[in-house]
Amino acid sequence: MKLYHGSKREDLDEINIKKNQAQSCEDVVVPKDETLEAIYLTPDYAYALIMAAKPNGSTRIDTDNKTVAFENPNLFDSQRKIYVYEVDVAEEEARKIDGLQYVVENIDEIKPVHKFIHKAGDIEKYYKIEKWKKENEIEFKIK
């Protein structure tokens with residue numbers, strides 16, 4: 001099964017994608033399946049691109065409206081080189097945790113079959129970057 005992994009690291013095609021403990025943020029409740037020590041992959045190329053491009057802090061992705069918002073937009077560098085790695089994983093090795101994510105828990109590392117190089121700003125070909133809003137924050141427009 002062809003899946004993707006987004007990363008800021010260029011050398012993964014030489015050293016493999018390894019298990020990693022995903023981190024959750026203080027103010028965001030993250031499902032248990034999203035904080036495993038595992039290899040996270042996606043069938044959605046644009047989602048992998050966002051995972052590689054996102055700055056530190058929380059990221060909100062609205063796949064229905066194709067928007068993304070960064071908690072720390074000042075840390076987003078649209079010119080930064082990022083990478084999307086294509087991997088081939090046996091279906092029985094990858095467990096689907098939601099519509100955009102698969103997790104591989106029983107393999108320590110996976111060798112990519114292709115590397116795609118982008119600039120972080122390329123996410124705007126797929127998603128609109130919106131202003132971060134705190135939960136329950138209302139935006140007022142005065143005419």
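Note that the structure is predicted; figures quoted are calculated from it, not measured.
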Review point. For the residue pair H5 and Y102, is the inter-centroid distance of their aromatic rings smaller than 6.0 Å?
Key: no

Check your understanding: Between atom CG of L41 and atom CD1 of I110, what is the distance when rounded to the nearest 0.5 Å?
Key -> 5.0 Å

Exercise for review: Only counting residues at least two apart or in another chain, list the ones meeting side chain to side chain donor-acceptor pair (under 3.5 Å) with D62.
Suggested key: N65

Practice item. Taking the side chain as every heavy atom from C-beta outward, state whether W132 and R60 have any atom pair closer than 4.5 Å. Key: yes

Study note, to complete from the structure: N72 and N56 have their tightest heavy-atom pair at ND2-O, 2.9 Å

Exercise for review: Flag yes if more than 12 heavy atoms outside K2 fall under 6.0 Å of its NZ atom; otherwise flag no.
Suggested key: no

**Study point:** Shortest non-hydrogen contact between A52 and G6, atoms and distance
**Key:** CB-C, 3.7 Å

Revision key, fill the gap. Taken in chain and number order and not counting sequence neighbours, the residues that satisfy side chain to side chain donor-acceptor pair (under 3.5 Å) with E93 are N106

Review point. Would you find more than 12 non-hydrogen atoms of other residues, nucleotides or ligands less than 6.0 Å from E92 atom CD?
Key: yes

**Study point:** Within-4.5 Å side-chain heavy-atom neighbours: K119 and R80
**Key:** no

Check your understanding: Ring centroid separation for Y45 and F116, is it under 6.0 angstrom?
Key -> yes

Check your understanding: Are any of the side-chain heavy atoms of Y85 and I17 separated by less than 4.5 Å?
Key -> yes

Revision key, fill the gap. Note: E109 and K18 closest approach over all heavy atoms is OE1-CE, 3.3 Å

Check your understanding: Rounded to the nearest 0.5 Å, how far does CD1 of I117 lie from CD1 of I82?
Key -> 11.0 Å

**Study point:** 4.5 Å side-chain heavy-atom contact, D122 and L49
**Key:** yes

Revision key, fill the gap. All heavy atoms of I123 vs all of A53, minimum pair found to be CG2-CB, 3.8 Å

Check your understanding: Hey, quick one: are V113 and V89 part of the same hydrophobic cluster, counting side-chain heavy atoms closer than 4.5 Å, chains of contacts allowed?
Key -> no

**Study point:** Rounded distance [0.5 Å steps], NZ in K81 versus CZ in R9
**Key:** 15.5 Å

**Study point:** Heavy-atom donor-acceptor pair, T42 side chain to L100 backbone, under 3.5 Å
**Key:** yes

Review point. Is any side-chain heavy atom of I97 less than 4.5 Å from a side-chain heavy atom of Y40?
Key: yes

Point to revise | Straight-line distance of N74 CG to E71 CD, nearest 0.5 Å | key: 10.0 Å

**Study point:** Cluster check M51, Y126: I/L/V/M/F/W/Y, side chain < 4.5 angstrom
**Key:** yes

Exercise for review: Look at atom NZ of K128 and say whether more than 12 heavy atoms of other residues, nucleotides or ligands are closer to it than 6.0 Å.
Suggested key: no

Exercise for review: With rounding to the nearest 0.5 Å, note down the distance linking CD1 in I61 to OG1 in T63.
Suggested key: 8.5 Å

Check your understanding: Quick one: do M1 and I107 end up in the same hydrophobic cluster if we chain Ile, Leu, Val, Met, Phe, Trp and Tyr together by side-chain heavy atoms under 4.5 Å apart?
Key -> yes

Exercise for review: Compare every heavy atom of A46 with every heavy atom of D44, then report the nearest pair and how far apart it is.
Suggested key: OD1-N, 2.9 Å

Exercise for review: May I have all residue pairs that pass ring pair (Phe, Tyr, Trp, His ring centres under 6.0 Å) and include part of residues 55-77, sequence neighbours excluded?
Suggested key: F70-F76

